[in-house]
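Below: one structure, written as structure tokens.
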There are 2 protein chains.
Amino acid sequence: MTSTKKLKQATRADVARMAGVSESTVSYALTGVRPISEETRERIESAMNALGYVPNAMAQALASKKSGLLALLFPVGERGFGETDFEYVEAATAAAAEDGYQLLLWPNAVEDTASLQKIVAQGLVEGVLLMEVRSQDPRVKVLQESGTPFCLIGRTDNSENLTYVDADFSQWGPMAINHLVDLGHTNIGVISMRGELVEAGYGPVIRTEAPLIELAQRMGVTVTIKHPKATIRAGRLAFEELLEEQPGITAIIGFNEPAFIGALEVAGARGMKIPEDLSVLSFGLSEEAATMTVPAQTTINVDGPELGRMAVQYLIARLNGDKKSVLQKLTQPQFFDRGSTGPAPQFSG
Amino acid sequence: MTSTKKLKQATRADVARMAGVSESTVSYALTGVRPISEETRERIESAMNALGYVPNAMAQALASKKSGLLALLFPVGERGFGETDFEYVEAATAAAAEDGYQLLLWPNAVEDTASLQKIVAQGLVEGVLLMEVRSQDPRVKVLQESGTPFCLIGRTDNSENLTYVDADFSQWGPMAINHLVDLGHTNIGVISMRGELVEAGYGPVIRTEAPLIELAQRMGVTVTIKHPKATIRAGRLAFEELLEEQPGITAIIGFNEPAFIGALEVAGARGMKIPEDLSVLSFGLSEEAATMTVPAQTTINVDGPELGRMAVQYLIARLNGDKKSVLQKLTQPQFFDRGSTGPAPQFSG
DNA sequence: CTGTTAGCGCTTTCAC
DNA sequence: GTGAAAGCGCTAACAG
């Protein structure tokens with residue numbers, strides 16, 4: 001048998017009876033909200049142990065209007081930077097557990113606001129975490145109107161008054177440029193995300209590219225950006241174009257995983273050695289992926305676990321009644337030097 | 001403001017009052033458990049719409065003893081085959097949602113049976129899904145004793161009477177051997193998992209290696225298995241040893257991601273071309289990782305989504321009172337030919 | 001310091 | 001077909 005009969009759990013009434021006190025006294029002994037004599041407390045505790053008493057979560061939730069549950073809303077079919085996603089989830093779950101909360105997974109299409117509305121109206125969860133936030137995210141309004149506390153992992157365009165955590169993409173470009181310029185590179189290519197995302201105003205691309213371009217200009221560095229589709233093939237073409245337009249390129253930055261693989265294939269096919277002939281650096285590439293290439297890739301990444309953790313903490317702060325403080329955080333990028341960048345090659349011709 | 005004041009949800013009493021019926025009639029209208037006159041039903045429905053009524057999940061759960069929640073117990077700090085994990089979770093979540101259940105994430109150490117016990121005693125969840133199951137898994141006993149229905153993703157040694165889904169590892173080896181033998185290979189190396197796992201009787205390794213060896217022998221194929229630690233360095237050494245012992249090796253199978261990267265590095269350094277000089281095949285490598293290498297890797301994988309989905313379905317079957325049928329499933333391996341295997345090279349010397 | 005007493009919002013038996 | 005009423009197990013005033 002997979003499961004034996006479900007044995008009946010002891011209730012507070014049982015404990016009260018056995019300890020010879022009232023039910024409420026048992027409650028207060030548990031919460032410590034009011035003083036209990038040492039002797040009573042002991043009687044209650046031994047009764048609880050004897051009965052193997054564990055408070056019923058649902059009754060507690062119903063009576064107190066606190067379920068101890070947080071929802072993690074993750075859109076189905078929309079993946080951010082690959083597999084890093086699970087890191088967020090793991091870290092968020094752990095952070096929640098630390099404060100006595102549990103995480104509920106809610107897969108949901110971004111547009112499906114009807115379900116969202118229903119789901120929060122059920123009163124099951126106390127607060128909501130939003131992943132894969134769009135610059136115009138319809139879910140935000142629904143949550144605001146329902147009065148459910150929430151925290152974004154990411155940002156909308158208009159997020160001044162929202163609670164959120166996000167990667168500070170504005171630092172990624174400058175970090176990369178500085179690193180490469182320090183190595184002597186002055187002509188850099190970028191295999192960025194597909195054009196539609198840029199046109200759609202997708203936050204991460206926009207916030208990354210602008211400061212990158214700006215710093216490059218200030219430093220007198222040539223930067224050429226391509227926006228191929230997210231396929232290996234498109235990446236190959238993009239890099240070939242890049243080399244055509246800028247034969248002097250000595251470094252490339254990738255922000256589009258499949259396309260960047262294509263670019264690296266072309267580099268390999270042309271006999272360009274990494275990092276001797278070409279320095280290579282990826283944005284937002286998971287450790288697993290970064291170590292699969294030969295050589296492994298130097299990356300600039302979002303700190304997923306930190307993001308997940310902070311989001312939960314902010315949300316819980318709101319639940320605890322913090323209505324006033326501005327709870328917004330941009331996390332520092334992580335730089336992993338795995339040796340795929342090196343000094344700019346000297347030109348022989 | 002992140003959140004406006006939480007507006008009071010209409011209750012069933014409100015609906016009943018507005019529709020001019022009793023509370024219980026509203027309930028029955030909702031569940032359809034007993035016949036309701038067309039006219040009454042309409043009055044109730046319009047009242048519900050007018051009030052924007054949504055049943056309170058917690059009250060429902062308390063009264064009916066059905067929370068609609070399933071727990072997904074995933075051990076912290078123990079990762080199976082890399083990032084495939086999230087696939088299981090996503091698929092499981094979706095499958096649960098289809099049947100009106102929600103998935104609760106419970107990070108938990110395998111040994112922490114005390115927390116597990118407490119957690120199921122709370123009565124919050126109706127059933128439990130176990131990931132990363134060990135051959136001797138202490139959590140199984142706890143769940144059995146508590147009478148909580150559960151389903152394993154994986155297997156214990158003694159799982160005849162348990163509900164589980166697992167990858168059919170016994171097919172992986174033969175599938176790989178057949179594929180390689182078809183291509184003419186007769187001397188094959190395996191970079192498998194670290195030795196401790198084998199000694200500890202870790203299911204996936206044991207179940208994979210034995211049939212692989214057996215079939216190889218039957219087919220007269222030389223197979224040499226190494227069990228390096230899960231590091232690139234260990235993998236390099238292991239492959240060098242392999243080449244030393246078996247200079248005629250023409251194909252290698254990887255079941256240890258970091259180590260296999262090391263092996264591939266050595267192959268590259270020695271100028272062995274894939275697949276011309278060396279055929280390469282990986283077990284349990286995620287698509288992302290498999291496409292990062294050049295060339296991309298042919299893999300034999302567990303069908304994560306299928307596993308997650310089936311696990312939920314089996315669990316729900318148990319919840320629905322199916323106590324008798326044997327609910328056990330071994331899923332077929334997935335073969336992805338990405339071109340890293342090819343005809344065995346002809347010896348030139 | 002402790003007990004009494006209403007509920008929380010819904011399910012479900014019993015009765016008409 | 002419909003209603004009344006007794007809980008589910010716990011919380012939180014309100015009373016000492």
Side-chain angles (χ1 to χ4, degrees), chain A residues 6-45 47-48 51-69 100 118 120-126, chain B residues 6-45 47-48 51-69 100 118 120-126:
Chain A
K6 189 104 187 173
L7 19 76
K8 197 169 162 30
Q9 272 288 326
T11 74
R12 243 195 210 24
D14 299 325
V15 177
R17 200 174 314 122
M18 184 162 176
V21 297
S22 78
E23 271 192 53
S24 58
T25 303
V26 178
S27 281
Y28 292 122
L30 247 6
T31 59
V33 160
R34 87 191 193 187
I36 304 276
S37 75
E38 192 48 40
E39 199 241 317
T40 310
R41 145 164 292 117
E42 269 164 20
R43 283 218 314 286
I44 293 179
E45 273 174 4
M48 293 200 305
L51 296 168
Y53 171 73
V54 179
N56 179 294
M58 255 129 44
Q60 217 163 332
L62 178 60
S64 68
K65 312 241 147 268
K66 283 169 185 308
S67 64
L69 298 178
K118 201 176 236 158
V120 296
Q122 286 185 135
L124 223 205
V125 302
E126 294 182 49
Chain B
K6 189 105 189 174
L7 18 77
K8 197 170 163 29
Q9 271 289 323
T11 73
R12 204 201 41 202
D14 300 325
V15 176
R17 201 174 313 121
M18 185 162 175
V21 295
S22 78
E23 287 192 27
S24 55
T25 302
V26 178
S27 279
Y28 292 122
L30 246 6
T31 60
V33 160
R34 88 188 190 187
I36 303 275
S37 76
E38 193 47 41
E39 200 243 315
T40 310
R41 144 163 293 117
E42 267 165 22
R43 284 220 313 286
I44 292 178
E45 273 176 5
M48 293 200 305
L51 296 168
Y53 172 73
V54 178
N56 179 295
M58 255 129 43
Q60 215 163 330
L62 179 59
S64 67
K65 312 236 144 276
K66 283 170 184 307
S67 64
L69 298 178
K118 201 177 237 159
V120 296
Q122 286 185 136
L124 222 205
V125 301
E126 294 183 47

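Protein chains get the first letters and strands the later ones, always in sequence-line order, with residue 1 at the start of each.
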How long is the line joining [atom1] of [X] and [atom2] of [N], in whole Å?
| X | N | atom1 | atom2 | result |
| --- | --- | --- | --- | --- |
| B:M58 | D:dC8 | CE | P | 19 Å |
| A:D14 | D:dC8 | CG | C1' | 13 Å |
| B:L124 | D:dC10 | CG | C1' | 14 Å |
| B:N56 | D:dG9 | CG | C1' | 15 Å |
| A:R43 | C:dC1 | CZ | P | 14 Å |
| B:E39 | D:dG1 | CD | C1' | 12 Å |
| A:I44 | C:dG3 | CD1 | P | 8 Å |
| A:R12 | D:dC8 | CZ | P | 15 Å |

Given [options], which nucleotide is nearest the side-chain atoms of [X]?
| X | options | value |
| --- | --- | --- |
| B:L62 | D:dC8, C:dC10, D:dT11 | D:dC8 |
| B:T25 | D:dG9, C:dG3, D:dG3 | D:dG3 |
| B:S22 | D:dG3, C:dC1, D:dC10 | D:dG3 |
| B:Y53 | C:dC10, D:dG1, D:dC10 | C:dC10 |

Evaluate side chain to side chain contact (heavy atoms under 4.5 Å, CB included) for A:L124 paired with B:M58, printing each intermediate quantity in order.
CA-CA 6 Å; A:L124 223 205; B:M58 255 129 43; 4.3 Å; yes
Scan [X] against the nucleic acid and name what it touches under 4.0 Å (heavy atoms): base, sugar-phosphate only, or nothing.
| X | answer |
| --- | --- |
| B:S27 | base |
| B:V21 | sugar-phosphate |
| A:T40 | sugar-phosphate |

Given that B:I36 and B:A63 both sit by DNA chain D, which one's nearest nucleotide is further toward the 5' end?
B:I36
Residue closer to the 5' end of DNA chain D, B:E23 versus B:K65 (nearest nucleotide)
B:E23
Kindly give the heavy-atom pair with the smallest separation between [X] and [Y], and that separation in Å.
| X | Y | result |
| --- | --- | --- |
| A:P55 | A:Q60 | CB-OE1, 3.3 Å |
| B:I44 | B:A29 | CD1-CB, 3.8 Å |
| B:Y53 | B:T11 | CE1-C, 3.5 Å |

Does the side chain of A:Q60 get closer than 4.0 angstrom to OP1 or OP2 of D:dT11 through an N or O atom?
yes
Donor/acceptor link under 3.5 angstrom from [X] side chain onto base of [N]:
| X | N | answer |
| --- | --- | --- |
| B:S24 | D:dA4 | yes |
| B:R34 | D:dG3 | yes |
| B:Y28 | C:dT13 | yes |

Rounded distance (nearest 0.5 Å) linking atom CZ of B:R43 with atom OG of B:S37
7.5 Å
Find the distance between CG (B:D14) and CD (B:E23) and round it off to the nearest 0.5 Å.
9.0 Å
